[in-house]
S.K.: 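Here it is, the structure, as structure tokens.
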Amino acid sequence: MNDQLRVRRQKLEELRDKGIEPYGARKFDRQDLASTLEKKYGKDDKEELNNDMPKTKIAGRMLAKRGKGKVGFADLYDRTGKIQIYVRKDIVGDDNYKIFKKSDIGDFLGIDGEVMKTDTGELTIRAHHVTFLAKALRPLPDKYHGLKDVEQIYRQRYLDLITNRKSYMRFVHRTQIIQAIRDYLNNRHFLEVETPVLHNIPGGAEARPFKTHHNALDIDLYMRIALELPLKRLIVGDMERVYEIGRVFRNEGLDTQHNPEFTELESYAAYWDFHDVMDEAEGIIRAAAKVVTDDGKITYQGTQIDLGKPFRRVHMVDLIKEKTGIDFWKPMSLEEATKIAEDHDIKVEKFWKVGHIINAFFEKYCQDTIVDPTFVYGHPVEVSPLAKKNADDPRFTDRFEIYIMGEEYGNAFSELNDPDDQRARFEAQMEERAAGNDEADLIDEDYLRAMEYGMPPTGGLGIGIDRLVMLLTDAPAIRDVLLFPTMRPKKVEGVDEEVKEDLKKKNKKN
RNA sequence: GAGUCGUUAGCUCAGUCGGUAGAGCAUCUGACUUUUAAUCAGAGGGUCGACGGUUCAAGCCCGUCACGACUCACCA
């Protein structure tokens, strides 16, 4: 146990000796927050305010203290921000002043006092009485630099939230962004629903799932990798407009863009096609952006992006032609396409068809070049097992993805509602699986049965919420927008032996 | 999975050629009745990520391991 922990435990005992139980407070009748004080008195004239002396009660965690003999200043923080307090020995009395003097950075205090402004014009609460609310036994990170150790930021997020206001606000914005999306969809008569996280067959996306086991039923279950198939069953169930914002799980690598669990929005609207969904997606992204910007202009990692102007809409084949000069509109055999791919440094997998090659050209030569918000549409049918074929050219689908600064933010299509076609697509996926693609979709017979009861034409959309929040809050890594990102476990330092000894002694005394 | 880098006081970081471990903040003692990273004087505080090796001597050199970050591969 280091000196600081020891000192804080001593202070804990001193408080008890004075008859103050350091964790005894049940509640505190708080009357103002930093924000309400600013709103009520922020613009008041100093002289008038200091004559009026309006009374208030505030509470918060003390994060800075500036002593000055028989008078002291401190900064308390509540959920809305900072409140400076001013404590005078001649006002609060000797005993109460000592409690203030002995309290540590990190402790929770409640202040009865009056609102005033200092010589520098800062709104301040002059204390009449300091109520001790809770003790912090461990010292907080450096107040000036904040917590910098990224490992500690992720493992002990509470420390990051206490010391890094920017990070704190980012998570506030995350919640507000999700709320804005809900409002947008609710206003358009979408019904928010909840579907199972535990699936018998993981489907709706190409990804490796997490496997788990239910004891009573003695069956293996999978954590969902997408929301898609249950939601489309609800479209079959005539709910017409549904959405879900929920966690999905993919058993894959993790890096700055990927976490094993992440939050996805999926929405489905009957009688819409993928053009309607493009409008919807633009609307959702703009509504979300309003949380952080008035004019739709944002800066992500130094690059200016305008989310306010209409997104570009470009066919995947046209974009490939634009970037490489290769024309995949021309009918092409697999041999021809493979030759072109190999000439362009693209490794062709055994199970690939022409469509996979076109998609690979897009990913290798186009994706990274996209900066402004862009809908890339018309994905090949081979890589789009759940999307409706294009009416004029069945090699492609009525599908689009949203790209901004080379990163994918959403995936959408006119939903395939022909059960026989869907069965054929699933079977093609099973062939891929047999040929070595262990992420290919499995056949979901119940889903096919549902579709046979009739599914209206439907436009579906999926948006990665975490990535959208990253974009809007200028976060460089997905971990920065996840309160508790997935980490390899580390031995947590246990209660020190000396602390245990102390507690033992105390228990004997009592 | 591969490569590169990092891990030193509660926090942020220095640490030269291998020769008794440093600073700022924080903590403790004292001074100070409008401070703003308060100031001034003094003091205490270290399993240098872990283990092993080389050496008279290792925070530093070598090896293994742990955890993390970044890049690449896979994926959203």
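Convention: sequence-line order gives letters A, B, ...; per-chain numbering from 1.
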S.K.: So which heavy atom on A:Tyr144 is nearest to which on A:Asp142, and how close?
M.R.: N-OD1, 2.8 Å
S.K.: For B:G49, give its Watson-Crick or G-U wobble partner with both distances under 3.5 Å, or none.
M.R.: B:C65
S.K.: Does A:Glu151 make a side-chain donor-acceptor contact with the base of B:G68, cut-off 3.5 Å?
M.R.: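 It does not, because no donor-acceptor pair links the side chain of A:Glu151 to the base of B:G68 below 3.5 Å.
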S.K.: Say you pick atom P in B:A69 and the same atom in B:C17; how far apart are they, in whole Å?
M.R.: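 Comparing P positions in B:A69 and B:C17 gives a spacing of 32 Å.
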S.K.: So what does A:Glu408 touch, heavy atoms closer than 4.0 Å: a base, only the sugar-phosphate, or nothing?
M.R.: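 Sugar-phosphate contact only.
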S.K.: What distance, rounded to whole Å, do you find between the two P atoms, one in B:A14 and one in B:U27?
M.R.: 24 Å
S.K.: Could you check whether A:Asp438 gets within reach of a base, just the sugar-phosphate, or nothing at all, counting any heavy atom under 4.0 Å?
M.R.: nothing
S.K.: Looking only at N and O atoms, is any donor in the side chain of A:Gln257 or the base of B:A76 less than 3.5 Å from an acceptor on the other one?
M.R.: no
S.K.: When all nucleic acid strands are considered with a 4.0 Å heavy-atom cut-off, which category describes A:Arg155: base, sugar-phosphate, or nothing?
M.R.: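 Sugar-phosphate, no base atom in range.
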S.K.: Does the B:C74 base have a donor-acceptor partner in the side chain of A:Asp255 within less than 3.5 Å?
M.R.: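 Flag set: donor-acceptor pair detected.
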S.K.: Give the B/S/- string for nucleotides 28-38 of chain B, one per nucleotide from 5' to 3', where a protein heavy atom under 4.0 Å of the base yields B, of only the sugar-phosphate yields S, and otherwise -.
M.R.: SS--BBBBBBB
S.K.: Rounding to the closest angstrom, what is the interatomic distance between B:U16 and B:G6 at atom P?
M.R.: 13 Å
